[in-house]
Engineer: 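Please see the structure below; I have some questions.
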Amino acid sequence: MTAGAPSDVAALLSGPVLEVAPRLLGLRLRTAIGGEATEVMLAEVEAYAGEHDPASHAFRGRTRRNGSMFGPPGTLYVYRSYGLHWCMNIVTGVEGVPHAVLLRGGVPLDGEPTMVTRRGRRDHIADGPGKLTQALGVSGELDGSSVLDGPVVLLPGEPSPETTILATPRIGVTKATDRPWRFVLAQRH
DNA sequence: ACGAGGATGCTCT
DNA sequence: GAGCATCCTCGTC
């Protein structure tokens with residue numbers, strides 16, 4: 001089979017969340033929403049390990065909000081943050097085990113004018129989890145959809161050779177703050 | 001560049 | 001009723 005085929009993405013997502021998360025960096029996330037195509041390269045993610053992770057929305061099991069985290073790998077978990085913003089995760093591993101990767105930031109690759117319009121500004125288009133969903137047109141309606149299918153699609157890609165992967169503690173969490181489960185692409189120097 | 005503070009609504013206890 | 005997996009604006013340096 002051809003390198004970079006969608007099935008490679010499916011195989012990747014079925015792995016352990018701590019292995020999957022850094023390997024999502026450099027992949028492309030493309031949306032076709034409201035008649036507009038937009039695309040970013042993923043540049044910042046965080047791993048959340050469900051029942052083993054006090055910072056995870058699924059630490060205490062299934063609730064009304066987190067149901068899609070228990071879906072098959074590739075399922076999108078979209079939730080509202082601070083009453084204002086949408087944030088999205090990609091479910092990983094095995095169906096029924098609520099492990100997921102929070103998508104925290106990306107670099108615009110296509111449809112930038114659309115993203116600028118959605119964001120209402122020219123800078124800081126997708127460098128934050130709420131900004132990323134807004135730029136790509138993602139909202140709660142897409143909770144439970146699959147990135148193997150759409151309208152949000154995960155596509156193959158590679159980080160620039162100029163970049164390296166950094167692991168740091170996760171942002172904005174108040175529990176398990178010692179775990180370096182945030183992964184970012186940073187410029188090599 | 002960086003930090004403080006407010007907006008805002010939903011979920012779960 | 002508390003607590004958020006955040007973003008923006010406006011201050012200061």
Side-chain angles (χ1 to χ4, degrees), chain A residues 13 16-25 27 29 31 33 38 40 42-71 73-93 97-108 112 114-145 147 152 154 165-187 189:
Chain A
L13 293 177
V17 67
L18 285 177
E19 293 180 15
V20 176
R23 294 184 61 183
L24 293 184
L25 298 174
L27 271 60
L29 196 66
T31 65
I33 293 168
T38 52
V40 301
L42 293 176
E44 178 183 358
V45 301
E46 285 176 358
Y48 286 88
E51 66 279 9
H52 305 296
D53 182 1
S56 169
H57 288 169
F59 181 58
R60 290 185 170 78
R62 191 170 192 143
T63 66
R64 178 152 81 257
R65 175 176 62 167
N66 69 18
S68 57
M69 293 184 87
F70 292 78
T75 301
L76 211 57
Y77 165 48
V78 184
Y79 71 95
R80 200 187 283 278
S81 170
Y82 289 88
L84 295 158
H85 315 286
W86 295 105
C87 294
M88 65 177 151
N89 297 247
I90 296 176
V91 174
T92 68
V97 180
H99 291 191
V101 179
L102 171 67
L103 308 184
R104 288 193 57 91
V107 178
E112 185 152 5
T114 297
M115 294 193 263
V116 166
T117 299
R118 286 175 178 154
R119 290 279 297 121
R121 54 189 295 167
R122 295 194 55 78
D123 57 347
H124 297 286
I125 291 302
D127 57 343
K131 305 179 208 180
L132 179 66
T133 56
Q134 187 180 26
L136 293 176
V138 172
S139 68
E141 305 168 9
L142 296 180
D143 181 44
S145 67
V147 298
V152 182
L154 184 63
I165 294 176
L166 246 53
T168 80
R170 294 172 293 185
I171 304 292
V173 300
T174 56
K175 300 161 201 146
T177 54
D178 56 319
R179 303 185 189 186
W181 288 0
R182 170 177 176 259
F183 303 95
V184 287
L185 285 181
Q187 291 298 317
H189 68 274

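In what follows, chains carry the letters A, B, and so on, assigned in the order in which the sequence lines appear, proteins first and then strands, with residues in each chain numbered from 1. This one's a predicted model, so the numbers in the text were calculated from it and none came from an experiment. Only this structure's heavy atoms are used, side chains among them; waters, hydrogens and symmetry mates stay out.
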Engineer: Report the residues that fulfil salt bridge (Lys or Arg N to Asp or Glu O under 4.0 Å) with A:Arg80, sequence neighbours left out, ordered by chain and then residue number.
Structural biologist: none
Engineer: Give the table of side-chain donor-acceptor pairs shorter than 3.5 Å for residues 138-145 of chain A, with sequence neighbours excluded, one pair per line with atom names and distance.
Structural biologist:
unit_1   : atom_1 : unit_2   : atom_2 : d
A:Asp143 : OD1    : A:Ser68  : OG     : 2.7
A:Asp143 : OD1    : A:Val78  : N      : 3.0
A:Ser145 : OG     : A:Leu142 : O      : 2.8

Engineer: Do A:Leu18 and A:His99 have side-chain heavy atoms sitting under 4.5 Å apart?
Structural biologist: no
Engineer: What would the secondary structure line of DNA chain B be in dot-bracket form, counting Watson-Crick and G-U wobble pairs under 3.5 Å, with [ ] for pairs that cross earlier ones and | for pairs with another strand?
Structural biologist: |||||||.||||.
Engineer: Quick one, which residues of residues 114-125 of chain A touch DNA chain B with a heavy atom under 4.0 Å?
Structural biologist: none
Engineer: What pairs of residues pass the salt bridge (Lys or Arg N to Asp or Glu O under 4.0 Å) test when at least one of them lies in residues 61-71 of chain A, not counting sequence neighbours?
Structural biologist: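 For residues 61-71 of chain A: none.
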Engineer: Under a plain distance cut-off of 3.5 Å, with no hydrogens placed, do A:Gln134 and A:Arg118 share a side-chain donor-acceptor pair?
Structural biologist: no
Engineer: Within the 4.0 Å heavy-atom criterion, would you say A:Arg170 contacts the bases, only the backbone, or no part of the nucleic acid?
Structural biologist: nothing
Engineer: Would you kindly give the CG-to-C1' distance between A:Leu84 and B:dG6, to the nearest whole Å?
Structural biologist: 10 Å
Engineer: Taking side-chain hydrogen bond (donor to acceptor under 3.5 Å, both in side chains) as the definition, give me every residue that meets it alongside A:Ser56, ordered by chain and number, with sequence neighbours left out.
Structural biologist: none
Engineer: Would you grab the first and last nucleotide of DNA chain C (5' to 3') that comes under 4.0 Å of any non-hydrogen atom in chain A?
Structural biologist: C:dC4 to C:dT9
Engineer: Does some side-chain heavy atom of A:Leu154 sit less than 4.5 Å from a side-chain heavy atom of A:Leu29?
Structural biologist: yes
Engineer: Under the salt bridge (Lys or Arg N to Asp or Glu O under 4.0 Å) test, which residues partner A:Arg121, sequence neighbours left out?
Structural biologist: A:Asp123
Engineer: Among residues 130-137 of chain A, which contact DNA chain C at a heavy-atom distance under 4.0 Å?
Structural biologist: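 A:Gly130, A:Lys131 - these, ordered by number, are the residues of the stretch whose heavy atoms sit under 4.0 Å from the strand.
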Engineer: Could you tell me which residues satisfy side-chain hydrogen bond (donor to acceptor under 3.5 Å, both in side chains) with A:His52, sequence neighbours excluded, listed by chain and number?
Structural biologist: none
Engineer: Tell me the closest heavy-atom pair linking A:Ala126 and A:Leu132, and the distance in Å.
Structural biologist: CB-CD1, 3.9 Å
Engineer: Run the ring pair (Phe, Tyr, Trp, His ring centres under 6.0 Å) test against A:Phe59 and tell me which residues pass, sequence neighbours left out.
Structural biologist: none
Engineer: Please state how far atom NE2 in A:His85 lies from atom C1' in B:dG6, giving the value in whole angstrom units.
Structural biologist: 11 Å
Engineer: For residues 124-137 of chain A, which residue pairs qualify under salt bridge (Lys or Arg N to Asp or Glu O under 4.0 Å), counting only residues two or more places apart or in two chains?
Structural biologist: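 Residue pairs with at least one partner in residues 124-137 of chain A: A:Asp127-A:Lys131.
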Engineer: Which of these passes side chain to side chain contact (heavy atoms under 4.5 Å, CB included) with A:Leu102: A:Arg182, A:Glu46, A:His57?
Structural biologist: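 When side chain to side chain contact (heavy atoms under 4.5 Å, CB included) is applied between A:Leu102 and each of A:Arg182, A:Glu46, A:His57, only A:Glu46 qualifies.
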Engineer: Specify the separation, in whole Å, of atom CD1 of A:Ile171 and atom P of B:dG3.
Structural biologist: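 Rounded to the whole Å, the gap is 12 Å.
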